[in-house]
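Encoded as structure tokens, the structure appears first; notes follow it.
A, B, ... follow the sequence lines: proteins, then strands. Residue 1 opens every chain. Atom set for the values below is all heavy atoms of this structure, side chains included, hydrogens, waters and symmetry mates excluded.
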Number of protein chains: 2
Amino acid sequence: MRITAQEEYGLRCLIQLARQPDGQGLTLKQIGEREGISTANAGKVLWLLSNAGIVKSARGIKGGYMLARPPAQITVSEIISVFENADLEEHCKNFSGIQEVCIHNADCGIRPVLQILNETVRQVLSQITLAQLVHHECEVSQRLFQLQRAAPAAAMSA
Amino acid sequence: MRITAQEEYGLRCLIQLARQPDGQGLTLKQIGEREGISTANAGKVLWLLSNAGIVKSARGIKGGYMLARPPAQITVSEIISVFENADLEEHCKNFSGIQEVCIHNADCGIRPVLQILNETVRQVLSQITLAQLVHHECEVSQRLFQLQRAAPAAAMSA
DNA sequence: TGAATACTTTACTTTTTCGTCAACAATGTC
DNA sequence: GACATTGTTGACGAAAAAGTAAAGTATTCA
């Protein structure tokens, strides 16, 4: 169970944008510098986020990237899902081993586990917005703990 | 956010072992056949599980693998952790971009998110044992849903 | 209108992960 | 004790992910 590089960098770039004063954006170069990644790589990540409608871009000399919505309206769940292949069928196509299709295609004891896992993760991350992540670590930590305690993840109730 | 190949295959191989009658094991060849993966690959996975003390192995002509404990005493959480690098510091070492160390090493808004995520996932998966996964998919699904509803993941209470 | 800036898009290179192979070591059987 | 069987281990090759490069397109400003 791991976070991919794109997910990590995507989240970080968005936090940078969320820290900007209202109406001000950042260029790829600036984002790259602030996150310690190359401009090219930042470009790739932001392009995906742009396609997903999470950021909007402007070309030209006054161009750059801005959040498409206020940070409080962008959830971490939404961000992560931009980069992932959340489809369960897709999962079963991989992991087919040396067979053409997964040997458990018809009846799989693991699929329910993955379902619960996906639901749980989605549920937890959908409660966390970008706005909550722009502060210092200790503060973010405190707030998230509170959030988590107030609304425990009853993932499967949906 | 993804499950790695080793985690998937590890889980599947263990379910096969859990389905065996008490006291009977399976050889690598048998496990590979039943899971549609190569013997070599099964060998690698089972070796890791053996190191972790989840299965025990026997060489020679009567050899093979067996669960080291009853299936009801082996949690999915424990299995997954065999294959993953659950350390948060390790996470920060990767994702350092073009820098030597991550630019947010001292103060990172993402770390709390990962903490909560890890805790939650661990908590959910620690409630699921191998014994619950040996049945048919629909049955497994039903039981896990019940479990989840009965004990929602109040992950951060620990 | 032309030059500078900055995003866009595709192709390529590098790195990491995954899977395989082959030689080795241990166990049981005849 | 020789042989067949089975797990162990490390090295290698293939596949996927990550990151880079470069050519292209849109925008602004002089």
Side-chain angles (χ1 to χ4, degrees), chain A residues 1-13 17 24-33 35-66 68 82-85 90-91 93-99, chain B residues 1-10 12-13 17 24-33 35-68 83-85 90-91 93-99 102:
Chain A
M1 204 80 207
R2 84 160 66 113
I3 290 265
T4 68
Q6 285 194 326
E7 287 166 353
E8 164 91 16
Y9 292 137
L11 203 46
R12 276 159 60 173
C13 293
L17 290 179
Q24 291 189 32
L26 289 170
T27 67
L28 284 179
K29 187 151 169 284
Q30 290 174 315
I31 295 173
E33 281 167 0
E35 283 306 324
I37 63 180
S38 73
T39 303
N41 203 10
K44 198 179 212 172
V45 169
L46 269 294
W47 177 72
L48 288 167
L49 291 168
S50 176
N51 281 352
I54 293 177
V55 300
K56 49 188 179 186
S57 64
R59 299 210 229 195
I61 196 166
K62 284 260 181 176
Y65 286 95
M66 286 178 55
V82 170
F83 300 102
E84 85 185 345
N85 211 340
E90 202 55 40
H91 171 91
K93 272 191 206 143
N94 314 331
F95 307 122
S96 65
I98 51 183
Q99 308 282 336
Chain B
M1 206 80 209
R2 83 159 73 106
I3 290 266
T4 67
Q6 285 194 326
E7 287 165 354
E8 164 91 16
Y9 292 138
R12 276 160 59 174
C13 291
L17 289 179
Q24 289 189 32
L26 289 170
T27 68
L28 284 178
K29 186 151 171 285
Q30 289 174 316
I31 295 173
E33 279 167 1
E35 282 307 323
I37 62 179
S38 72
T39 303
N41 204 10
K44 198 175 214 172
V45 169
L46 269 293
W47 177 73
L48 287 167
L49 291 168
S50 176
N51 281 352
I54 294 177
V55 301
K56 48 189 178 184
S57 64
R59 297 209 227 195
I61 197 165
K62 284 262 181 176
Y65 285 95
M66 286 177 56
L67 295 182
F83 300 102
E84 85 185 343
N85 210 339
E90 202 55 39
H91 172 90
K93 271 191 207 142
N94 314 333
F95 307 123
S96 64
I98 52 182
Q99 309 281 335
C102 177

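- Contacts of Glu33(A) classified as side-chain contact (heavy atoms from CB on, under 4.5 Å), with partners at least two apart in sequence or in another chain: Lys29(A).
- One atom, CG of Leu46(B), and another, P of dT8(D), lie 8 Å apart when rounded to the nearest Å.
- Distance from the side chain of Ala5(A) is smallest for dA18(D) among the nucleotides dA18(D), dG19(C), dA6(C).
- Annotation: the span from Phe83(A) atom CZ to Glu8(A) atom CD amounts to 11.0 Å, rounded to 0.5 Å.
- Within the 4.0 Å cut-off from OP1 or OP2 of dG19(C), not a single side-chain nitrogen or oxygen of Ser38(B) is found.
- Considering only heavy atoms from C-beta on, Thr4(A) comes within 4.5 Å of Arg2(B) through its side chain.
- Ile98(A) comes within contact range of the sugar-phosphate backbone alone, with a heavy-atom separation under 4.0 Å but no base atom that close.
- Partners of Ala40(B) under the side-chain contact (heavy atoms from CB on, under 4.5 Å) rule, at least two apart in sequence or in another chain, are Ser38(B).
- Between Ile37(A) and Ile31(A), every side-chain heavy-atom pair lies at or beyond the 4.5 Å cut-off.
- Regarding contacts with the backbone of dC18(C), every side-chain N or O of Tyr9(B) stays at 4.0 angstrom or more from both OP1 and OP2.
- Residue Phe83(A) is out of contact with every strand shown, counting any heavy-atom pair closer than 4.0 Å.
- Rounded to whole Å, the distance from OH on Tyr65(A) to C1' on dT5(C) is 14 Å.
- Using a distance-only test at 3.5 Å, with no hydrogens or angles considered, no donor-acceptor pair links the side chain of Glu35(B) to the main chain of Tyr9(B).
- Rounded to whole Å, the distance from CD on Gln30(B) to P on dT5(D) is 14 Å.
- Sorted by first then second residue, the side chain to side chain donor-acceptor pair (under 3.5 Å) pairs that include residues 39-60 of chain B, not counting sequence neighbours, number zero.
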- Message: As a quick check of understanding, evaluate side chain to side chain contact (heavy atoms under 4.5 Å, CB included) for Val55(B) and Cys13(B), giving each step before the final call.
- Response: CA-CA 11 Å; Val55(B) 301; Cys13(B) 291; over 6 Å; no
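- Between the P atom of dA17(D) and the CG atom of Leu48(A) lies a distance of 14 Å, rounded to the nearest Å.
- If you take NZ of Lys93(A) and P of dA16(D), they are 14 Å apart, rounded to a whole angstrom.
- When the nearest nucleotides of DNA chain C are assigned to Gly63(A) and Gln6(B) by heavy-atom distance, the more 5′-ward of the two goes with Gly63(A).
- Which of dG19(D), dT8(D), dA6(C) sits closest to the side chain of Thr27(A) comes down to dA6(C).
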Pairs: protein N or O with nucleotides 9-14 of chain C N or O, under 3.5 Å:
from	atom 1	to	atom 2	distance (Å)
dT9(C)	OP2	Trp47(A)	NE1	2.4

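- Although no hydrogens or angles enter the test, the distance criterion places a donor-acceptor pair under 3.5 Å between the side chain of Glu7(B) and the main chain of Met1(A).
- The nearest whole Å value for the distance from the CG atom in Asn94(B) to the P atom in dT17(C) is 8 Å.
- In this structure, Gln99(B) has no side-chain contact (heavy atoms from CB on, under 4.5 Å) partners at least two apart in sequence or on a different chain.
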Sort me out a list of protein N/O and nucleotides 24-28 of chain D N/O pairs below 3.5 Å, or just none if empty.
from	atom 1	to	atom 2	distance (Å)
dT25(D)	O2	Arg59(A)	NH1	2.9
dA26(D)	O4'	Arg59(A)	NE	3.4

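- Summarising the geometry, the separation between CG on Leu28(B) and C1' on dG19(C) is reported as 14 Å, rounded to the nearest angstrom.
- Between Asn41(A) atom CG and dT15(C) atom P there is a gap of 14 Å when expressed in whole angstrom units.
- Considering only the side chain of Arg2(B), dA17(D) comes nearest among dA17(D), dT8(C), dG7(D).
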